Amino acid sequence: MASTTASFVAIGGNRHPAAADWSSSGTLAFGAGKTVALWNPDDPQLRGITATLKGHTEKVNAVRFLPDGETLISGSVDTTLRIWRGGALIATVEGAHTASINTIATCPQHPRLFASGAADGKVCVFSLSATNEVTTLHTIATKPKFYPLALALHGLPGSSEGVVLVVGGSTSGVVVYTAEAPAKEFKQQAVLQGHENWIRSLAFRTEGEDLLLASASQDRYVRLWRVHAGETLPAAVAKSESKAIAMATVLSNKAHMLRHEDGGVWSVTFEALLMGHEDWIYTAAWAGSRLLTCSADNSIIVWNQDEAGGAWDPQSRFGELSALKGGSMATGSAGGIWNTLWSPDGTAVAALTKSGSWRIWRYDAAADRWNPAPGISGHTKDVTGISWAPDGGYLLTTSLDQTTRLYAQWLGDGYSSWHEFSRPQIHGYDMNVLASVGANRFVSGADEKLLRVFDEPKAVAQALGRLCGLQKNLDSDTLLDTASLPVLGLSNKPLEPAPDADASEEADPDAPAPEQLPADMPPLENQLARLTLWPETEKLYGHGYEISALAASPTSALIATACKASTSEHAVIRLFDGDNAWHEVKPALEAHALTVTKLRFSGDGARLLSVGRDRAWCILAQSEGETGTWALVEKKDKAHTRIIYDCAWLPAADAVPVFATVSRDKSVKIWAPAAAGAAGWETAGTAKFAQPVTAVDVVPELVDGRCWMMLGFEDGALELWSVRAGEWAGMEKCLAVDAAITPAQTVAKITWRPRKTAEGGWEVGVASDDGSVRVYKVSLS
């Protein structure tokens, strides 16, 4: 019986300061598009993302674990809260908010209490029962109205039931509410002033019998506030002392009194001002007495209080601190670090970069330093293209996030794990298509009128050989050096080798050594952006509009391309020959009336299949007696009743040219040569479905005398079908892939790995509109 398992998932994190949390059980959950991704950064086998939780219909902005470490709450632009446990949805909160949910807070002293803040200007407080029922305890409307962006909940010092709720957002003040018990009314008690811009993060911790509140703001500062029980003020306040780094003057220290009707009294006073960041601060998080902050200035700071003087000092500073700040989009940490989280034991830090990648630093106590470690990465927008290397060694993907990425398996000690080993292209246009051409080259097309050819650089080839066991027969000395991307350019330019130093000149002993890729682990996020770009070697012109389809011949360096079109004049297919200096093979092939959506070469490279928006398919082949010239052999108008999304050739024992097409008309059709005495191709088999079929690919060889097709659907579902060669009318459904491991949105592309696994099975790569790249192991039987 056929079976599938997910062996790799790559998807980028949502750039929102509240969209991630690291639980006490070790799971890091983060918003990834419309899903919540789960990852264990401490997994010794580095398996990366283990699940994506589907349910939200819009982007996930907020994620928070309850204190039990197992129950997860997520909030979304779709205005709902969803509660998960063990990977399953256990409750949904609808109607509490009428706009995007931006923040969630939980309470350590009341483990089933949580609050949410949304763009409707409201804060809602909830309770989760033992039977997983959610009760709305309070709805607080901010006055004057502002958008809550940060919340924090905690029990009041010295009170068994009292709760304090602090709210910050699109205002410079921190609003303090208290309640005598979670079920009683929350009343506004104070507004803490001092910040000069929006509040982005709030976090409590206990210090003796007091609470310390950290408030992080877009004004580049962190303020600490002390909550103290009783009428008597804390000793430092009574002496008019303040502990602020780099401040010589005494700061205002007004005491705000919080009073309950039952007689409880607390004071809130300013404690310290932390100055060290140079741009907006996005998050603040406590681990014991240490405070962790991150900023749009690309830095992470670990703050600690000096035991002698009491001042708060930056104990450690790391992140992207080189002179290469401020790069273009998708260039790693450049552009800011959006979120930072402590590991449960406080020995590691996870950080979300602008590119959607998660970076990890681990503390080395012996060296007293934070060392970077492998994290995870992924696209942040729709994945539009996916292609295996011809030998199946690595997987290339491209996306509307304007990047192309290369994933491969790192061969560890007794295991292998998938990682991004190169970011070959960082572009200024949304990427649409790509195709591998030969062992170390690919071609890509974007929302522009040309295609670009890239050659693998020496550093990437050496890393793949050293860490993945790939391309062992490749002479890396013949390859180009790594490329760089000009600030105002779109073309990756090869780095010029440094000129030889004059023999009479002494080398500068203090000059930094050129940065290189790590020898013992995959590239880190900042290295991917700077050291793994592939040099662009050619531009291919000819099309009049944005590129829509691209295919590479499996037997040569020939590629076929098409662009978006509303007339037959622009719906032509152009061929370019990489073995002939990328000259175009004339003439352009007229076949379709509207945009060509997919191109596929047959396994022997002798035929080219195309499908399009005009509901037609066409077969093109080399003209007899005319080397290099191609012509239309067969065309079928109205092959489907709606747009044809995809097509694929089927392997056959007698090399009969049979292919499949999938369409928005909710059908899959198999086409085979007509019966003896008739010309052309005819429908040999049809399968109907309840929704549009958007992608198809076929295992490149017969297995047990059958052709095996993976089908992708509009809702992200995947199904495995098979048909016995020659019995094309007998398509059979073999497996519906478990919905828990399928994409959350439309399947865009499917591609089977050209080679079998070491165990003799097969793997298939899937690209989706949800931003994910997935690789499945498939057992065929």
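Since the model is a prediction, treat every value here as computed from it, not as a measurement. Below, each value reflects all heavy atoms present in this structure, side chains not excepted, and no hydrogens, waters or symmetry copies.
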Legend entry - E590 atom CD: more than 12 heavy-atom contacts under 6.0 Å: no
Inset, instruction - Identify the two heavy atoms, one from L528 and one from S422, that lie closest to each other, and give their separation to 0.1 Å. - result: CD2-N, 3.6 Å
Inset, instruction - Measure centre to centre between the rings of F8 and W418, then say whether the value is under 6.0 Å. - result: yes
Inset, instruction - Only pairs at least two apart or in different chains count here, so list each side chain to side chain donor-acceptor pair (under 3.5 Å) that has a residue in residues 739-752. - result: K54-T742
Legend entry - side-chain hydrogen bond (donor to acceptor under 3.5 Å, both in side chains) involving S7 - partner list, sequence neighbours excluded: none
Legend entry - Side-chain (R664) to main-chain (I643) donor-acceptor, under 3.5 angstrom: no
Sequence neighbours left out, cut at 3.5 Å: what donor-acceptor pairs do the side chains of residues 431-442 make with other protein atoms?
from	atom 1	to	atom 2	distance (Å)
N432	ND2	A446	O	3.4
N432	ND2	D447	OD1	2.8
N432	ND2	I547	O	3.0
S436	OG	S387	OG	3.3
S436	OG	W388	O	3.2
R441	NE	D455	OD1	2.8
R441	NH2	D455	OD2	3.4

Please tabulate, one pair per line, all N/O donor-acceptor pairs under 3.5 Å involving side-chain atoms of residues 604-614, not counting sequence neighbours.
from	atom 1	to	atom 2	distance (Å)
D604	OD1	S602	OG	2.7
D604	OD1	A606	N	3.0
S610	OG	H592	NE2	2.7
D614	OD1	H592	ND1	3.2
D614	OD1	A616	N	3.2
D614	OD2	H592	ND1	3.1
D614	OD2	A593	N	2.9

Inset, instruction - Assess whether atom NZ of K539 is packed by more than 12 heavy atoms of other residues, nucleotides or ligands within 6.0 Å. - result: yes
Inset, instruction - Would you mind telling me which of W671, F601, F659 makes a ring-ring contact (aromatic ring centres under 6.0 Å, His included) with W649? - result: F659
Inset, instruction - Step through the shown structure and confirm whether more than 12 heavy atoms of other residues, nucleotides or ligands are within 6.0 Å of CD on Q691. - result: yes
Inset, instruction - Step by step, work out the side-chain contact (heavy atoms from CB on, under 4.5 Å) result for L780 and L720. - result: CA-CA 9 Å; L780 304 177; L720 180 67; 3.8 Å; yes
Inset, instruction - Kindly give the heavy-atom pair with the smallest separation between A408 and G393, and that separation in Å. - result: CB-O, 4.3 Å
Legend entry - Test: D665 and K669 ion pair at under 4.0 Å: no
Legend entry - All side-chain hydrogen bond (donor to acceptor under 3.5 Å, both in side chains) counterparts of T757, not counting sequence neighbours: E759
Inset, instruction - Identify, with sequence neighbours excluded, every residue that meets salt bridge (Lys or Arg N to Asp or Glu O under 4.0 Å) alongside R615. - result: none
Legend entry - Side-chain donor or acceptor of S722 paired with backbone N/O of C707 under 3.5 Å: no
Legend entry - T403 to T398 - nearest heavy-atom pair and separation: O-OG1, 3.3 Å
Inset, instruction - Please say which of V737, T5, I750 ends up in a side chain to side chain contact (heavy atoms under 4.5 Å, CB included) with Y776. - result: V737
Legend entry - Near-ring test F421/Y394, centroid separation under 6.0 angstrom: no
Inset, instruction - Evaluate the ring planes of W721 and F689, with Trp represented by its six-membered ring, and classify them as parallel (under 30°), tilted (30 to 60°) or perpendicular (over 60°). - result: perpendicular
Inset, instruction - Flag the pair E732 and R724 as a salt bridge only when some basic side-chain nitrogen lies within less than 4.0 angstrom of an acidic carboxylate oxygen. - result: no
Legend entry - Heavy-atom donor-acceptor pair, S399 side chain to D382 backbone, under 3.5 Å: yes
Inset, instruction - Could you tell me which non-hydrogen atom of T35 sits nearest to which non-hydrogen atom of A744, and how far apart they are? - result: CG2-CB, 3.4 Å
Legend entry - Heavy atoms of other groups near K449 NZ, more than 12 under 6.0 Å: no
Legend entry - CA sep, side-chain torsions, deciding dist, call: E584, R574, salt bridge (charged side-chain N to carboxylate O under 4.0 Å, His left out): CA-CA 7 Å; E584 183 179 353; R574 298 182 184 274; 3.0 Å; yes
Legend entry - From CG (L400) to NE2 (H379), nearest 0.5 Å: 10.0 Å
Inset, instruction - Kindly check if the number of other-residue, nucleotide or ligand heavy atoms within 6.0 Å of NZ (K636) is above 12? - result: no
Inset, instruction - Grab the two heavy atoms, one from W708 and one from C734, that are nearest each other, plus how far apart they are. - result: CZ3-SG, 3.7 Å
